[in-house]
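The first residue in the sequence is number 1, and the count goes up from there. Counting starts at 1 for both ligands and their atoms, following the listed order.
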Amino acid sequence: MKSPATLKGRSLLTLDDLSDEEMSQLIDFASELKTRKADGVRGSLLERKNIAMIFEKSSTRTRCAVAVAAADEGGRAEHLSAQDIHLGKKESTADTARVLGKMFDGILFRGFKQKTVELLAMHSGIPVWNGLTDESHPTQAIADLMTVKEKFNRLSGLKLVYIGDGRNNVANSLMMGCAKCGVSFVNCTPPTLSPNSELVANATAVAQRNGATVAVTDDPGNAVVDANVIYTDVWVSMGEEDQREERIRLLRPYQVNMDLMTQTGNLDSGSVIFLHCLPAFHDSNTDITAKSGALEVTDDVFEHECSHVFAEAENRMHTTKALLIASMVGEA
Ligand code: CP
Ligand code: NVA
């Protein structure tokens, strides 16, 4: 197997922390680990590695990805709910980081402020991975691009359209992830939810050197033409619940439904897939959608053969495993 050995000892706070080459290497290493697991090999690459997982926000996939990745390779992960530990209350983030750095080999953090994950990395002395903040979700984007590569056997030259809340964590990381992999990225969102212009400029520069483009538009019908990937996320991210009514009003015209998938022109030929980081508000999935109907995606798309959302969720585990091994162990 070939792990990106240059990541040893390093943190992943945003995708800016990876070179273009390291991003591709991580995806390919994750694919090797996936095959290895399918072949029934139980490894020991994370033997005696202890991982702290700090969660200020809820999680299913991210938490399980770390727990299973660690267990598969002989390591262990400790779940630390922010409600149960002193972080940010009786103890500063810097002091908590120094304590965890004396006991653990790596820290995954999910929470609100990007500053918190930066402080953990600055003071712990061990690799820290961003498992989602208000600003970014880098481990998600690695799994997303692995899933795209599994389908198309390549990344360079493809077109991905993200449609929905254009300034959220998932959109930000996906934009940079696509740029690094040579995937042309279109962010389709109402003007009031446009991504930060500095992030767009940074991603554009990266995309250019990889022969790709970055675009922002508010016109779904035009945006999706020739798309290979249609991607959406929830309209209301964790911590923004007070904006629910306004978001639903703004984003209704940006729902991913069969009409929109058909407008790509790629549905019949099987040249377009649907992705969503999950959890998703599709038709009667939850109490909320039981009352209001589908929000960001309809059931006919979510359940269609073009939908690869559960392969994408599985790939969270394989890519997380690749990241843990590369940054705590190095060569594998
Ligand atoms: N996609 C994702 O990060 O899922 P969780 O919130 O369940 O971790
Ligand atoms: N944008 C979503 C992603 C969830 C995985 C949120 O932050 O809630």
Going by distance only, is there an N or O of Arg63 that falls short of 3.5 Å from an N or O of ligand 1?
-> no
Can you name the residues that form a side-chain contact (heavy atoms from CB on, under 4.5 Å) with Glu240, not counting sequence neighbours?
-> Asp165, Arg167, Val236, Ser237, Gln243, Arg247
Name of the residue among Leu260, Thr262, Ile273, Ile230 meeting side chain to side chain contact (heavy atoms under 4.5 Å, CB included) with Leu267 | Thr262
Are any of the N or O atoms of Cys277 closer than 3.5 Å to those of ligand 1?
-> yes
Is the shortest side-chain N to carboxylate O distance from Lys37 to Glu314 below 4.0 Å?
-> no
Member of His282, His276, His308 meeting the ring-ring contact (aromatic ring centres under 6.0 Å, His included) criterion with Phe302 | His282
Considering heavy atoms of the protein only, find what lies nearest to atom 6 (O) of ligand 1 and give residue, atom and distance to 0.1 Å.
-> Arg110 NH1, 2.7 Å
Atoms of ligand 1 close to Gln140 [distance to a heavy atom under 4.0 angstrom, numbered from 1] | 1 (N), 2 (C), 3 (O)
Which residue pairs pass the salt bridge (charged side-chain N to carboxylate O under 4.0 Å, His left out) test with at least one member in residues 126-135, sequence neighbours excluded?
-> Lys57-Asp134
In a table with atom names and distances, give each donor-acceptor pair under 3.5 Å that connects a side chain of residues 106-113 to protein atoms at least two apart or in another chain.
{"from": "Arg110", "atom 1": "NE", "to": "Gly131", "atom 2": "O", "distance (Å)": "2.9"}
{"from": "Arg110", "atom 1": "NH1", "to": "Ser58", "atom 2": "O", "distance (Å)": "2.7"}
{"from": "Arg110", "atom 1": "NH2", "to": "Thr62", "atom 2": "OG1", "distance (Å)": "2.8"}
{"from": "Arg110", "atom 1": "NH2", "to": "Gly131", "atom 2": "O", "distance (Å)": "3.2"}

For Ser31 and Glu150, what are the C-alpha separation, side-chain angles and deciding distance, and is it a side-chain hydrogen bond (donor to acceptor under 3.5 Å, both in side chains)?
-> CA-CA 9 Å; Ser31 293; Glu150 276 181 337; 5.2 Å; no
So which heavy atom on Gly239 is nearest to which on Glu241, and how close?
-> N-OE1, 2.9 Å
Give a yes/no on ligand 1: does His137 have at least one heavy atom closer than 4.0 angstrom to it?
-> yes
Neighbouring protein residues of ligand 2 - any heavy atom closer than 4.0 Å = Leu132, Asn168, Asn169, Val170, Asp233, Val234, Ser237, Met238, Leu278
Going by heavy atoms, is Leu278 under 4.0 Å from ligand 1?
-> yes
Ligand 1 contacted by Arg316 (non-hydrogen, < 4.0 Å) | yes
